[in-house]
Amino acid sequence: MNLFSREQYILVTGASSGIGRACAMLCNARGASVIACGRNEARLREAQAKCASPAHWHNETKDLLAELESLPQWVAALRQKYGRLWGLIHAAGEGRLDSIACFELAEAKRHHDLNFFAPMQLARGFADRRNFLKGGAMLFLSSASAVYPEKGHCVYGAAKAALATAMKSVSQEMAAKGLRVHCLAPGWIRTPMLDAATKSMGESYAAREEGRYPLGFGEPEDVAEMAVFLLSEKARWITGQNFVLGGGCY
Ligand SMILES: NC(=O)c1ccc[n+]([C@@H]2O[C@H](COP(=O)([O-])OP(=O)(O)OC[C@H]3O[C@@H](n4cnc5c(N)ncnc54)[C@H](OP(=O)(O)O)[C@@H]3O)[C@@H](O)[C@H]2O)c1
């Protein structure tokens with residue numbers, strides 16, 4: 001079923017992997033034109049080759065951290081290139097597990113730059129009235145750890161909680177201007193991020209974690225289905241939430 005038209009452009013960050021890739025593929029399959037952003041051009045091209053309509057998939061290679069300062073201008077440049085944007089799905093991000101005993105200020109600041117300040121800068125650019133189509137939406141990947149922080153989440157969960165709080169506020173500001181704002185807060189999803197956590201913490205950590213999920217770990221497509229619905233006009237009365245997707249764990 002088509003939820004979008006090809007005139008509706010959706011910018012997806014993190015489109016080269018995991019959740020962002022699944023979101024970009026599903027937006028494209030449901031009829032939207034996708035602007036796919038990632039650092040890894042080869043993986044973006046590989047996703048484009050597999051999507052439903054490669055002619056309506058446009059790759060934009062970008063390191064969000066390296067160009068943090070100019071992200072609002074980048075969104076404006078994309079609008080000049082493609083026209084006003086319907087949606088933003090911001091899935092680029094990094095996971096990490098920390099203990100307070102090993103807290104390292106410079107590394108925590110770098111992490112907050114990527115997981116909090118980069119989405120703020122993208123929101124700053126997208127929420128400019130000249131850049132979005134009325135009725136559209138921005139959606140940010142937060143995390144269940146923002147709402148239910150556990151051991152190890154003192155940096156990652158805090159950045160995601162800051163993001164969810166900020167976007168709740170931005171949703172209030174933007175509602176009258178015709179832009180909806182969403183966050184999704186998934187628990188564990190099978191992506192390279194989970195593979196990295198399993199590698200650093202061991203197979204027994206992953207097995208223990210999965211045991212907590214009555215429906216098992218999620219798949220990237222489980223998140224994408226919700227993201228695509230929220231970006232569509234079918235969700236026109238929904239804004240300002242941080243939806244937890246927890247497989248029964250949360
Ligand atoms: N997986 C989970 O269990 C889970 C749970 C809750 C929330 N989340 C959140 O969901 C989002 C996606 O996670 P995922 O599991 O899909 O991760 P992933 O498979 O590791 O993918 C991460 C994506 O972020 C991009 N990225 C990282 N740093 C970037 C930078 N500096 N500039 C541009 N792009 C950058 C990567 O691009 P390249 O590949 O091109 O480097 C990649 O496309 C993240 O925000 C994560 O915190 C994930």
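This is a predicted model, so every value here is computed, not measured. The first residue of the sequence shown is numbered 1, and numbering continues consecutively from there. FYI, side chains are in, hydrogens and waters are out, and symmetry mates aren't considered; it's all heavy atoms of this structure.
In this structure, Tyr205 has no ring-ring contact (aromatic ring centres under 6.0 Å, His included) partners at least two apart in sequence or on a different chain. Evaluation of the side-chain contact (heavy atoms from CB on, under 4.5 Å) rule for Glu219 yields Arg190, Glu221, Asp222 as partners, not counting sequence neighbours. In this structure, Glu233 has no side chain to side chain donor-acceptor pair (under 3.5 Å) partners at least two apart in sequence or on a different chain. In this structure, the side chain to side chain donor-acceptor pair (under 3.5 Å) partners of Lys62, at least two apart in sequence or on a different chain, are Glu67. For Arg129, the side-chain contact (heavy atoms from CB on, under 4.5 Å) partners are Lys177, not counting sequence neighbours. Ala127 pairs by the side-chain contact (heavy atoms from CB on, under 4.5 Å) definition with Met174, Leu179, not counting sequence neighbours.
Within the 4.5 Å cutoff, no side-chain heavy atoms of Val75 are placed close to those of Leu88. Taking 4.5 Å as the limit, some side-chain heavy atom of Leu97 sits within range of a side-chain heavy atom of His153. Contact check for Phe126 versus Asn131: no side-chain heavy atoms found under the 4.5 Å cut-off. A 4.5 Å side-chain heavy-atom check between Val181 and Phe140 finds at least one atom pair inside the cut-off. Taking the side chain as every heavy atom from C-beta outward, Leu231 and Leu139 approach each other to under 4.5 Å. Annotation: side chain of Leu68 is in contact with side chain of Gln121 (closest heavy-atom distance under 4.5 Å). The shortest distance between side-chain heavy atoms of Val147 and Tyr250 does not fall below 4.5 Å.
Sequence neighbours left out, the pairs with a member in residues 68-90 that pass salt bridge (charged side-chain N to carboxylate O under 4.0 Å, His left out) are Glu60-Lys81. Residue pairs meeting the salt bridge (charged side-chain N to carboxylate O under 4.0 Å, His left out) criterion with at least one partner in residues 109-122, sequence neighbours excluded, are Glu94-Arg110, Glu107-Arg110. Within the structure, every pair that satisfies the salt bridge (charged side-chain N to carboxylate O under 4.0 Å, His left out) test and touches residues 136-158, not counting sequence neighbours, is listed here: Glu150-Arg212. Applying the side chain to side chain donor-acceptor pair (under 3.5 Å) definition to pairs two or more places apart or across chains, those involving residues 8-30 are Thr13-His90.
At least one donor-acceptor pair under 3.5 Å links the side chain of Arg180 to the backbone N or O of Leu230. A donor-acceptor pair under 3.5 Å links the side-chain atoms of Tyr213 to the main chain of Trp188, judged by distance alone. A donor-acceptor contact shorter than 3.5 Å links the side chain of Ser33 to the backbone of Arg6. Proximity of a side-chain donor or acceptor of Ser99 to a complementary backbone N or O of Cys102 within less than 3.5 Å is detected. Under the 3.5 Å distance criterion, the side-chain polar atoms of Thr165 are left unmatched by any main-chain donor or acceptor of Ala162.
A side-chain contact (heavy atoms from CB on, under 4.5 Å) with Met138 is found for exactly one of Leu11, Val170, Leu122, namely Val170.
Within the hydrophobic cluster formed by Ile, Leu, Val, Met, Phe, Trp and Tyr side chains joined at under 4.5 Å, directly or through other members, Met193 is accompanied by Tyr156. Through direct or indirect side-chain contacts shorter than 4.5 Å among Ile, Leu, Val, Met, Phe, Trp and Tyr, Leu114 is connected to Leu65.
Closest of all the heavy-atom pairs between Arg39 and Thr61 is O-CG2, 3.3 Å. The heavy-atom pair separating Leu141 from Pro186 by the smallest distance is CD1-CG, 3.7 Å. Residue Ala118 comes nearest to Leu71 through the heavy atom pair O-CD1, 3.9 Å, listed as atom of the first residue, atom of the second, then distance. Closest heavy-atom contact between Pro220 and Ile189: N-CG2, 3.4 Å. Considering all non-hydrogen atoms of both residues, Ser142 and Cys183 come closest at CB-CB, 4.2 Å.
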